[in-house]
Every structure is written in C-alpha cells, then in structure tokens.
Amino acid sequence: MKQNIAILCSGGDVSGMNPALKRFVEYAYAKGMQPYFVRNGYEGLIDNQITPASYRDVSGIITRGGTKIGSARSKRFMEPAFRSLAAENLKSHGIDKLVVLGGDGSFRGMERFYHESGIAFCGIPSTIDNDINGTDYCLGVDTALGVIKEAIDQIRDTASSFHRAFVIETMGRNCGYLALISAITSGAEMCLIPEIPIDIHEYTDCYRSQIEKGRDYFIAIVSEALNSNEVSQWFEKELGFESRVTVLGHIQRGGNPSVYDRLMAYKFVTYAIDALIEGQNHFIICYNKSHFNFKTIDEVALHPYQLDEELLTLAREQFLPSHCQM
Ligand code: F6P
C-alpha cells in the first residue's frame, strides 16, 4: 500500500513556498508515496482541510510568491483538544508523515503534536526574517532581499534628484538581518537595527561636515523594531534636511521567487522527504556553511537567533557613528 505524506505552511508566507510545494508533490510521487496538501496551516489540520495533491495542483506555481495552499497562525493548535482533533484527521487519511514550512513557533507546536500523536514531521525553516536559531538561511529571505534592493534602488533615484533624506523601514520583527544586509548591499549611509544600539545624535557633526562637503541626500535603513519616524524627524530638525519615511511593509513578503529560493526549496524538500522515509521522526532541516543538517527542536527554538558575529563586526565598522567619515 502507498504511504501518505502531507505538507502544510504555517506562519508568515514566503516566496519559495510554492516551489517547495511543487517539489514536494513531484518527489513524493517519485518515491512511490501519495502527497497530500493541508490548507491554511494548523487551522486546516484541525478543520480537516486535507486533500490529495496531484501534478495539476502544482503546475505553473513555481513563479508565484505566497503559497497556493494558504498559511495561518493558529491559536487553536496550542490547545491539546484541537491537536487531538488534528491528529484524528490526519490518521483518517492514513497520513503519518508531515512536512511543515514555517518558523520556530510552528515547529514548537509540531514537536508537541509529534509526542502526543506519533505523527512524524520535518520542519523547513521558512521566514523572510531569517531569524531561526541553528540555520544560516531560511526559505524566502533571498527573494525578500531582492524586493528590498529594488525598492531602495528606486527610492535612491528620487532621493538623489530631490535632495532628501529617505528613511526606509524593513520588516524583520525583532531581527535586524533584512535591514543590515539591505543597508550594506544598497550603499546606505545609516543602518539602525536592534542588535547594534546607536544614538543617532552622535551622527550630527559627521553628517553636517559631509553636507558641507557636498553630500546632498541620505538613505537610512531602519529595522521595523525601531522607530523610523523618530529618525526622519531627526534628519529634519537636526540637519535641516527634508525627510520622508517609506515603510516597505508586505511587498517584502511577495514576488517571483528568486533562483536561490527555488533551488533551496527543492533541496530542503528533497532532504526532508528522504529523512522521513529513512525513519527520522521529529526534526528541523537546517543549512549551515553550505551543508544541510538535521537539528532537534531544542537546538532551533530554545535560544533566540543571533546575527552572525562577522556580519555584526562589518556592520559596526560601516555604521557606528564613531566610524563616520567627516
Ligand atoms: O515574520 C514575517 C513577518 O513578515 C515579519 O517580518 C513581520 O513583523 C510580520 O511577519 C508581519 O506579520 P503580519 O503579516 O501578520 O502583519
């Protein structure tokens, strides 16, 4: 009899989920399994939105952001009674293996579910924030960085023509990864992230001197954990520079998945299915120093994510006011 395996997306969607779904269906079939989709994350597990998936379901989706099967943040799944309903639903379809695209919160829920139900799972780190401990890369971050790069490049066109300071706010929740990589790769003058506390008043003398020497616009990248309006007001009051705030918002979550995210989706899913077939039963597949490895939930969820120390050192050299070139 065919083995059944299901996939679901939980938490914030990312570009890369659709390529992952396509690979999931095709590789499950290649391995002689019947693939299933669970719609709308853990909500769909609870409400039995579980259906067999076919090639038709994934045809043409590789170019699309978001996720064809929907995602959700489920409060109900935190309650044992709903988890038990979810387990019954999966078992009624003969499914005992699950691939979960999501973040560490989703994996923690899944770990509890595994211990209660025995349903095996593999978590694939998926979040544009790239803030899951234990993996250098989370699915979707590359596309998000590409979207941010495009936006900053376009804002630079108007900033340079109109001699303004632009404060551009990126997503990332409490993690400065998106802001920092974007600031470095877009040539921004300022980058404010929670990991590197900076008193912007310390920039005043340096920026005044730069303005005297001809600098006539600024790009400041600010992580959403900090206050971009305050930064904008500082440019106006302290430097007399007309300023605008652009909150990039949810455009960062969409867009045609990048080549890298497509490739990583393909590899993540392949290794996940292989490991589930081999009998691994509750693990997260991570990517470190160009290698895939399997980690326990404790390894990824017990400690908060920390930005890479080398990156932080570069960022300090580039963005600390004490390094500002007059
Ligand atoms: O975790 C992904 C993320 O896009 C964060 O960067 C952001 O803080 C949050 O989700 C936004 O959540 P929502 O889509 O619920 O507004």
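It should be emphasised that the depicted structure is a prediction, and the values quoted were computed from it without experimental measurement. Order of listing sets the numbers, starting from 1, for every ligand and every atom in it.
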query: Atoms of ligand 1 less than 4.0 Å from Glu224 heavy atoms?
result: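 This gives 5 (C), 6 (O), 7 (C), 8 (O) as the contact atoms.
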Residue portion contacting ligand 1 (non-hydrogen atoms closer than 4.0 Å) for Arg253: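 It is the side chain that gets close, since no backbone atom is under 4.0 Å.
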If you count every heavy atom of other residues, nucleotides or ligands that lies below 6.0 Å from [X] atom [atom1], does the total exceed 12?
X: Lys75; atom1: NZ; result: no
X: Tyr287; atom1: OH; result: yes
X: His291; atom1: NE2; result: no
X: Glu236; atom1: CD; result: yes

query: With a 4.0 Å cut-off on heavy atoms, does His250 reach ligand 1?
result: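 Yes; His250 lies near enough to ligand 1 that a heavy-atom distance drops under 4.0 Å.
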task: Could you walk me through whether Tyr271 and Phe292 pass ring pair (Phe, Tyr, Trp, His ring centres under 6.0 Å), step by step?
output: CA-CA 8 Å; Tyr271 287 120; Phe292 288 90; 4.8 Å; yes
Around [atom], find the nearest protein heavy atom and jot down its residue, atom name and distance.
atom: atom 9 (C) of ligand 1; answer: Arg173 NH2, 3.5 Å
atom: atom 12 (O) of ligand 1; answer: Arg73 NH2, 3.5 Å
atom: atom 6 (O) of ligand 1; answer: Asp129 OD1, 2.6 Å

- request: Spell out, yes or no, whether Val300 and Leu139 are grouped together once hydrophobic residues are joined by side-chain heavy atoms under 4.5 Å, including indirect joins.
  value: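 In one cluster with Val300: Leu139, no.
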query: For Gly172 and ligand 1, does the shortest N/O to N/O distance drop below 3.5 Å?
result: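 Checking ligand 1 against Gly172, an N or O pair does fall under 3.5 Å apart.
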